[in-house]
Structure formats: C-alpha cells, structure tokens
Engineer: 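Take a look at this one; I'll ask things after.
Computed from a prediction, not measured in an experiment: that's the story for all the values here.
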Amino acid sequence: MTTQGTDDAISRKRPAELAPGAVIAQSLDNEWVSARLTKEMIEKGKSLRDVEDIRSKEARAEFFRSLINTRQVVVNRVFFYNNRAVSCDLVEGGAARRAHQKLLGDGSLVPYLVNEREPAARPPNVSVDEEAFTAWQETVDSMPASSRITCVRLSWEDQENRDATRNALFNPFAGQVQRLTATDIPLLASQVGVPPERAPQFGARLHRLVGFSSDRRTRDQLVSRRVLYDEFVSVPGLPVSDVRYDRTKPFAGEIKQLLDLIYNVNLADALGMHPLTPSGSLRRIALQEWRDVRTAPSGVVTDPEQLLLFLRRQAFSTVQDRLTPAAVDTLTLEDVWSLRQSDAWHDRVGRVFDRYVKLNSEIVRIAAGRRVSRTMARQWTPVIEVVVVVGGAVFSAITGNDTWGVVGDIGAVSAKAGGSVQLVLRNRREGRREQKFAREIASVRFDSAREWEQFHGMVRQLPGYREQRGSRMATSSATVQDDIPEY
C-alpha cells in the first residue's frame, strides 16, 4: 500500500517504497572525517572548522560518486544544510541550486525525515547553519510547480514513527555498541590501526565504553552517538562545526571511527538500504557481524574452493581512455545532473563494469569542457581488483593485462572467520580522490580454522603469489514532534 501524501509538493514514502539499491552515503554525515584526517586532527588539535576545506572537498567528491554510481541517494535532512559539501550549491543559488532542485524533483536525492512531516521544517534540538538552512528552505519553496520532493520516514503515522525510531535506530545502535567487547579484540584492534602491543589497552577502553552505554540503558536513557562522543571522543560542549577530538581521551580516533561506522550502517539497515562507505573509512567488516547467531543466508560463501574462484576469475576486457584523478572534482552538480541524463548512465545492458567505463568516458567529456588548467590529463589504465577479506587477512588480486597479481596481507584469523568479496574497478595508479567503482558481491563465512587453512593453502599455490605479514586497517580504497530525539 502506498503512503503517498495528499500534498502535491511532497511524495511521502516508507523505506520499502524507494528504488531498489537506494543507498545511504556515509560521507554526507556532517561529522564524517576520514581515518587519516581524524588522526591529523587529534595530533595537531584541529577542529572540524580548521579542516573544513579539506573535509568538504573529500565529502563532495564522494557525494558526486554516490550520485553517479547509484540510482537514489537518501540523505538525512540535516545534512542538506549542515554539510557544506551539499549546502554550497544551495547557498550559491542560480544553476547550482536549480541542479539540486532537479535531483530532488526526480527522486535522485531523497531527504530522510526523523520526525518532521515537511523537508524544510526546522528540526528540534539541532543546531543548524542558519545561512544554509535559509537557502534550503528557499530551495524547497521555489521548486517548480510540476516537481515533487520524495521524502522518506520510517512511518508517516506519528506514534508508529516514534516507536520505530526507538526500536529501529536507537536500540540497535546501543546493541551494536554493547557487542564491541564480544568481538575478537586483537582482530578489531588491527582493523582500526591499533598496534598489537596496545590491543589490551584498547580492549580495556572498549570495556569502559560498553559499561558506560550499559549504565545509561539500565537507567532507561538513550544511547546516542553524541552522548558517546562527549564521553570518549570529543571535547564536550562545543557546537558541531567547532568540534575537536580530545587527545587526552585514549583511542579517541579509533572509537570515533567505530561509532561512525555503527551509526551509518545502523541507519542504512533501519531503512533497508545499502551503506555507501567512502574511501578511507572503516569498513563494515570491522563489526565482525558474522559472530551473530543466524541461519546461513543465500549468497554466503562457505566453501574455500568456491571462494578461490573469485581470485581466479578471468580478467574483464579493459579499455584505454584518458582520465585525470581530479576529473570528478572539476565537475559541478549541474554536470552530475547532465551525466545522469546520458545514455551511458541509463544503459543498464551488459556487465556492470562495462557501464562504469562508459560513465568514466562521459565524466571526462564533461570535465574537458571545464578546461581547468590545474587538471593534467594522463593515460587511464583500468584494472580489476578482487578484494577478499577474511577475518584479519586481506587478499588482493589485480589484473589489467589478462594476468593476475595476488597479494596476501595476513593478520589474525579466528577459528571462525567471516568477511566479504568486493570487485573494484580503478586506475592502476591510484590517487586519493581517484574515481573508482566498488561492489560487494558476496559474504564469506568459514566455520573453522581448517577451512581457512585450506583456502590459504590454495591461494599460496597461485602463480605470482606473494605474502606479507601484518594487517591492513579495515578502511575502504547521506507537524514536528519534539519528543523524538535526534538520532
């Protein structure tokens, strides 16, 4: 049954009514900071305002990639005006604002409303960037008469929505925090970049985090990311734009990365969508969800020989093109809108990477029209990378010339190990903001160390295989009821 509203300007939807494959883009979180930049902020005592230019540039590139690579991007309504990577188009006005209106009008961008019924309503108990919020209200109010903004809420029945917000957002967030001490701590430590010799101290800090969360739950107080930030990550009492991560709080950066991952994955799960994790952020695999008791779903790889097939897959055909690492950075939101109207974007026939290569060509064509002097075109040599993560081990198989180079990065692996298989199309020479495409194509679960050893042994027999010890960080290459708190 549809939940279409009677207001002609708003198309009110429940999560299940959105397009298949809709995503939540973590980079649009107004507190998202890459792991690398978080470390720098803590070491140098910088605030979010101090790194705003760098952070906005990274977030904007990820924002554009999410619009290029997916049909529908769901964005917490606060991020439209509290994230400069998004709000800059609204404040600028003109063509930039009109492009935003087009993406809102065709459902490419979908505001997620926590308890509001209108996208331009002021959220309760949330500090906002007033200039950007005014620009957002003007953008919504001046939408063309023929356009309708698609908005999503857990439920459009107010009481049901309040219950769903608590049960689908706050309770699972607290539950995932509680499970942190039930993980393999040395493995988790390695994935967030904690040296092995400091893993015991890291585990003790997680124990305090879980204890603090449990105490609040016992007293029937909500456990939110902001509450945990103030206690374990940030200097308390500062507005979001001036937040500093407290170097006197042990493992503040690592805990922030975990809380951000839980926050965004949990929101995506509550809405039945996929979380889009930006490059340089902690991957979902770090949460060790394979430890949860569950029946094996379809699509989970449990056979070592089956998993090996992913590493021995025949190379995709590759093409030669010209692409600059900064090509996406030179685009405007109007360019992204134009790209989404192109035949290359709408061509759903053939293999997913064939479609992606066509998109790269279209990006280059549009970017070339910008003629940005700082952009130096260079040869783009596309390679296919298959990344298999099992516990604390990462296997990366790369091909571009019909041959494979396989690298094993071997870290801690438990008796029971879970993970994932990703296909990545990227340039052979990576840049920090290099345009790339990644898709998780399978989950992995080995029920015993014997299966892991069998897989490891087979991989070691592959021609050209080389192995290194250690473990990579698990980071990857969006009528007011004031009794619903802000998630």
Engineer: State plainly whether the residues Glu118 and Arg12 are in salt-bridge range, i.e. N to O under 4.0 Å.
Structural biologist: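 Yes, Glu118 and Arg12 are salt-bridged.
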Engineer: Would you call Asp158 and Arg162 a salt bridge, using N to O less than 4.0 angstrom?
Structural biologist: no
Engineer: Does the Glu254 side chain pair with the main chain of Ala189, one donor and one acceptor, at a distance under 3.5 Å?
Structural biologist: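 Checking the backbone N and O of Ala189 against the side chain of Glu254, no donor-acceptor pair under 3.5 Å is found.
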Engineer: Hey, can you tell me if Trp136 and Tyr81 have their rings parallel, tilted or perpendicular (30° and 60° cut-offs)?
Structural biologist: tilted
Engineer: Can Gln176 and Val265 be said to form a side chain to side chain contact (heavy atoms under 4.5 Å, CB included), step by step?
Structural biologist: CA-CA 10 Å; Gln176 192 68 267; Val265 164; 5.8 Å; no
Engineer: Salt-bridge test for Asp215 and Arg219: reply yes if a basic N is under 4.0 Å from a carboxylate O, no otherwise.
Structural biologist: yes
Engineer: Side chains of Phe170 and Asn266: does their closest heavy-atom pair fall under 4.5 Å?
Structural biologist: no
Engineer: For Ser155, what residues pass the side chain to side chain contact (heavy atoms under 4.5 Å, CB included) criterion, not counting sequence neighbours?
Structural biologist: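 Counting only residues at least two positions away or on another chain, Ser155 forms a side chain to side chain contact (heavy atoms under 4.5 Å, CB included) with Arg14, Glu157, Glu160, Asn161.
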Engineer: How many angstroms lie between atom NE2 of His100 and atom OG1 of Thr139, to the nearest 0.5 angstrom?
Structural biologist: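 Result: 7.0 Å between the selected atoms.
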Engineer: For residues Leu259 and Phe232, determine if any side-chain heavy atom of one lies less than 4.5 Å from a side-chain heavy atom of the other.
Structural biologist: no
Engineer: Would you indicate whether Glu131, at its atom CD, is surrounded by more than 12 heavy atoms from other residues, nucleotides or ligands within a distance under 6.0 Å?
Structural biologist: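 It does not: Glu131 CD has 12 such atoms or fewer within range.
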Engineer: If the test is salt bridge (charged side-chain N to carboxylate O under 4.0 Å, His left out), which one of Arg60, Arg97, Arg98 qualifies with Asp89?
Structural biologist: Arg60
Engineer: Locate the shortest heavy-atom distance separating Asn83 from Ser27; write the atom from each residue and the value.
Structural biologist: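 Asn83 and Ser27 have their closest heavy atoms at ND2-O, 3.7 Å.
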Engineer: Side chains of Glu130 and Val128, heavy atoms from C-beta outward: is any pair under 4.5 Å?
Structural biologist: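 Yes - at least one pair of side-chain heavy atoms lies under 4.5 Å apart.
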Engineer: Do you know the tightest heavy-atom contact between Met273 and Ala22?
Structural biologist: CB-O, 3.3 Å
Engineer: If you measure from CZ on Arg244 to CG on Leu238, what distance do you get to the nearest 0.5 Å?
Structural biologist: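 If I round to the nearest 0.5 Å, the distance is 7.5 Å.
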Engineer: Checking Thr332 against Asp335 for the side chain to side chain donor-acceptor pair (under 3.5 Å) test, could you report, in this order, the C-alpha distance in whole Å, the side-chain angles of both residues, the deciding distance, and whether it holds?
Structural biologist: CA-CA 5 Å; Thr332 66; Asp335 293 332; 3.2 Å; yes
Engineer: Which residues satisfy the side chain to side chain donor-acceptor pair (under 3.5 Å) test with Ser47, sequence neighbours excluded?
Structural biologist: Asp50
Engineer: Measuring only between side-chain heavy atoms, which start at C-beta, is Leu258 closer than 4.5 Å to Leu206?
Structural biologist: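 A side-chain contact under 4.5 Å exists here.
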Engineer: Please indicate whether Arg166 has more than 12 foreign heavy atoms, meaning atoms of other residues, nucleotides or ligands, lying under 6.0 Å from its CZ.
Structural biologist: no
Engineer: Looking only at atom types and distance, does a side-chain atom of Asn82 sit under 3.5 Å from a main-chain N or O of Ser127, one as donor and one as acceptor?
Structural biologist: yes
Engineer: Can you tell me how far apart OG1 (Thr38) and CG (Asp260) are? Round to the nearest 0.5 Å.
Structural biologist: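 Going from the OG1 atom of Thr38 to the CG atom of Asp260 covers 7.5 Å.
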Engineer: Test side chain to side chain contact (heavy atoms under 4.5 Å, CB included) on Leu209 and Phe251 and set out the steps.
Structural biologist: CA-CA 11 Å; Leu209 172 70; Phe251 304 102; over 6 Å; no
Engineer: Please give me the minimum heavy-atom distance between Ala270 and Leu169, naming the atom from each residue.
Structural biologist: CB-CD2, 3.6 Å
Engineer: Leu287 versus Leu282: any side-chain heavy-atom pair under 4.5 Å?
Structural biologist: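 Side chain of Leu287 against side chain of Leu282, heavy atoms only: no contact under 4.5 Å found.
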Engineer: Just how far is it from atom CZ of Arg205 to atom OG1 of Thr181, taken to the nearest 0.5 Å?
Structural biologist: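 Answer rounded to 0.5 Å: 14.0 Å.
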Engineer: In terms of side-chain geometry, is the basic nitrogen of Arg49 or Glu52 positioned less than 4.0 Å from the acidic oxygen of its partner?
Structural biologist: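 Salt bridge flag = no for Glu52 with Arg49.
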Engineer: Is the side chain of Glu116 donor-acceptor paired with the backbone N or O of Val114 at a distance under 3.5 Å, no angle test?
Structural biologist: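 Here the side-chain-to-backbone pair exists.
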Engineer: What heavy-atom pair brings Leu333 and Ala96 nearest, and what distance separates the two atoms?
Structural biologist: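 Scanning both residues completely, I find the closest heavy atoms to be CD2-O, 4.1 Å.
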Engineer: For a 4.5 angstrom cut-off between non-hydrogen side-chain atoms, does Ser142 reach Gln101?
Structural biologist: yes
Engineer: Just wondering, do Asn264 and Trp32 contact through their side chains at under 4.5 Å, heavy atoms?
Structural biologist: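 Sidechains of Asn264 and Trp32: no contact.
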Engineer: Of Leu109, Thr150, Leu271, which meets side-chain contact (heavy atoms from CB on, under 4.5 Å) against Val74?
Structural biologist: Leu271
Engineer: Run Glu58 and Arg36 through side chain to side chain contact (heavy atoms under 4.5 Å, CB included) and show every step you take.
Structural biologist: CA-CA 12 Å; Glu58 292 180 347; Arg36 174 194 55 79; 2.5 Å; yes
Engineer: If you measure from CD1 on Ile68 to CZ on Phe63, what distance do you get to the nearest 0.5 Å?
Structural biologist: 10.5 Å
Engineer: Going through the distances and angles, do Phe80 and Val140 end up as a side chain to side chain contact (heavy atoms under 4.5 Å, CB included)?
Structural biologist: CA-CA 11 Å; Phe80 283 102; Val140 172; over 6 Å; no
Engineer: Between Glu62 and Arg65 (salt bridge meaning N to carboxylate O under 4.0 Å), is one present in this structure?
Structural biologist: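 A salt bridge is present here (some side-chain N lies under 4.0 Å from a carboxylate O).
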Engineer: Can you give me the closest heavy-atom contact between Ala252 and Asp246, atom names plus distance?
Structural biologist: CB-O, 3.6 Å
Engineer: Is a side-chain donor-acceptor pair under 3.5 Å present for Gln178 with Ser213?
Structural biologist: yes
Engineer: Would Arg225 count as a cation-pi partner of Tyr263, with NZ or CZ less than 6.0 Å from the six-membered ring centre and within 45° of the ring normal?
Structural biologist: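 Yes - Arg225 lies over the ring of Tyr263, closer than 6.0 Å to its centre and within 45° of its axis.
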Engineer: Please determine whether the number of non-hydrogen atoms from other residues, nucleotides or ligands lying under 6.0 Å from atom NZ of Lys249 exceeds 12.
Structural biologist: yes
Engineer: Among residues at least two apart in sequence or on other chains, which ones pass salt bridge (charged side-chain N to carboxylate O under 4.0 Å, His left out) with Glu31?
Structural biologist: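 Glu31 satisfies salt bridge (charged side-chain N to carboxylate O under 4.0 Å, His left out) with Arg226 only.
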Engineer: Kindly indicate whether the side chain of Phe79, heavy atoms from C-beta on, has any atom under 4.5 Å from the side chain of Asp29.
Structural biologist: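 A side-chain contact under 4.5 Å exists here.
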Engineer: Does Arg55 use its side chain to pair, donor to acceptor, with the backbone of Ala85 at less than 3.5 Å?
Structural biologist: no
Engineer: Atom CZ in Arg179, atom OG1 in Thr183: separation rounded to 0.5 Å?
Structural biologist: 11.0 Å
Engineer: Given salt bridge (charged side-chain N to carboxylate O under 4.0 Å, His left out), test Arg71 with Asp106 step by step and report yes or no.
Structural biologist: CA-CA 10 Å; Arg71 181 171 295 279; Asp106 70 2; over 6 Å; no
Engineer: Can you give me the closest heavy-atom contact between Arg247 and Gly45, atom names plus distance?
Structural biologist: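 In this case the closest contact between Arg247 and Gly45 is NH2-N, 3.1 Å.
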